[in-house]
Amino acid sequence: MHIRVINPNTTASMTAAMRQAAQQQAAEGTTVSASQPDAGPVSIESHFDEAISAVGVAEEVLKGEREGGIDAYVVACFGDPGLLAARELTRAPVIGIAEAAFHLATLISTRFSIVTSLGRTGIIAEHLLQQYGFSHHCRRIRAAEIPVLDLEHHPEAAFTRIVEECCRARDEDGIGAIVLGCGGMANLTQEISHEVGLPVVEGVSAALKLAESLVSLGLYTSKHGDLAYPLPKAFTGKFSGLSDL
Ligand SMILES: NC(=O)NC1=NC(=O)NC1=O
């Protein structure tokens, strides 16, 4: 099967790291490809960044559908930007990394904490916990207080900050597992879990395995109801190419 990982930010090196992390977890016979929007934020750290990146996610799914042969998509940003819009555009399963991580964390612990990048993105995770029904499972949303691109530009310092915050969560929050709250942390999972001594759930890998499971079960995004294909209509201006999809 073929799974496309979409990095909603436009940092190609982060996309490559996500693809590598996902391919390492993929089952034999699963090909993982990755893409990012041509236009949008280089990192997603605010509501505004999320809003802009959601358009890019939709465009990447449309590209994938035109390309053909993609069995599932992963939206690899912890805010799950544009997830429902993306699901309208395809019958293929579309899995957000936050939603995937929350599901898996509740299967291995009764309580988990999230360690994300910047504290100001915490409300985005909080809204997703409410939306997906996991609020009572999550003890606390913590932040390493690192800009997302520091994961690329200052990886050692970022790793240290993330491990320190994970250790505080382990010692203070009464949890059994930790969810890493950034797609840019995809290649750090094993090291962090080893340092912290708790199971660490990382969203890109979680979403990849859930996507494989859905495809293997023959499950697809329902086209009955609100996730049916969008109604054909005219789009104007720079979105005119989306008219009558
Ligand atoms: N909370 C986050 O760090 N979200 C993210 N921003 C990105 O650019 N990728 C993420 O996963």
Side-chain angles (χ1 to χ4, degrees), residues 4-22 34-60 73-83 86 94-102 104-105 112-132 134 138 140-155 157-159 161-163 165-166 169 178-189 192 200-208 210:
R4 170 66 51 82
V5 174
I6 297 171
N7 173 17
N9 74 43
T10 56
T11 298
S13 54
M14 190 167 281
T15 307
M18 289 171 175
R19 196 210 66 77
Q20 183 187 22
S35 71
Q36 73 273 334
D38 297 328
V42 293
S43 64
I44 299 162
E45 301 169 318
S46 69
H47 301 294
F48 178 77
D49 298 347
E50 289 267 336
I52 302 299
S53 70
V55 176
V57 169
E59 290 177 332
E60 287 305 303
Y73 297 87
V74 169
V75 178
C77 167
F78 202 70
D80 292 352
L83 182 59
V94 185
I95 313 295
I97 68 171
E99 187 173 26
F102 297 161
L104 294 199
F112 63 85
S113 284
I114 297 167
V115 175
T116 189
S117 53
L118 289 176
R120 74 173 286 173
T121 71
I123 188 66
I124 297 170
E126 186 176 335
H127 287 167
L128 291 180
L129 287 164
Q130 292 163 359
Q131 180 182 333
Y132 300 146
F134 292 110
C138 181
R140 186 166 171 186
I141 301 169
R142 292 174 173 268
E145 289 307 345
I146 50 171
V148 171
L149 294 187
D150 272 19
L151 291 161
E152 299 259 311
H153 302 150
H154 307 288
F159 179 80
R161 297 285 297 265
I162 294 166
V163 168
E165 198 60 34
C166 288
I178 285 170
V179 167
L180 295 183
C182 178
M185 299 177 184
N187 54 358
L188 302 177
T189 318
I192 292 172
V200 171
V201 182
E202 184 281 316
V204 174
S205 303
L208 184 280
L210 286 176

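Ligands are counted one by one from 1 in listed order, and the atoms in each one are counted from 1 as well.
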With no hydrogens and no angle check, is any side-chain donor or acceptor of [X] less than 3.5 Å from a backbone partner on [Y]?
X: T11; Y: V42; value: yes
X: D80; Y: A98; value: yes
X: E59; Y: P37; value: no
X: T15; Y: Q36; value: no
X: R19; Y: A34; value: no
X: D150; Y: I146; value: no

Give the atoms of ligand 1, by number and element, whose distance to some non-hydrogen atom of [X] is under 4.0 Å.
X: T121; answer: 1 (N)
X: S117; answer: 1 (N), 2 (C), 3 (O)
X: S43; answer: 8 (O)
X: N9; answer: 7 (C), 8 (O), 9 (N)

Is it the side chain, the backbone, both or neither of T116 that has a heavy atom closer than 4.0 Å to ligand 1?
side chain

When you measure from atom 4 (N) of ligand 1 to every protein heavy atom, which one gives the shortest distance, and what is it?
I44 O, 3.7 Å

N/O of [X] under 3.5 Å from N/O of ligand 1, yes or no?
X: V148; value: no
X: G183; value: yes
X: G181; value: yes

Hey, what's the ring geometry for F112 with F102, parallel, tilted or perpendicular (30° and 60° as the breaks)?
parallel

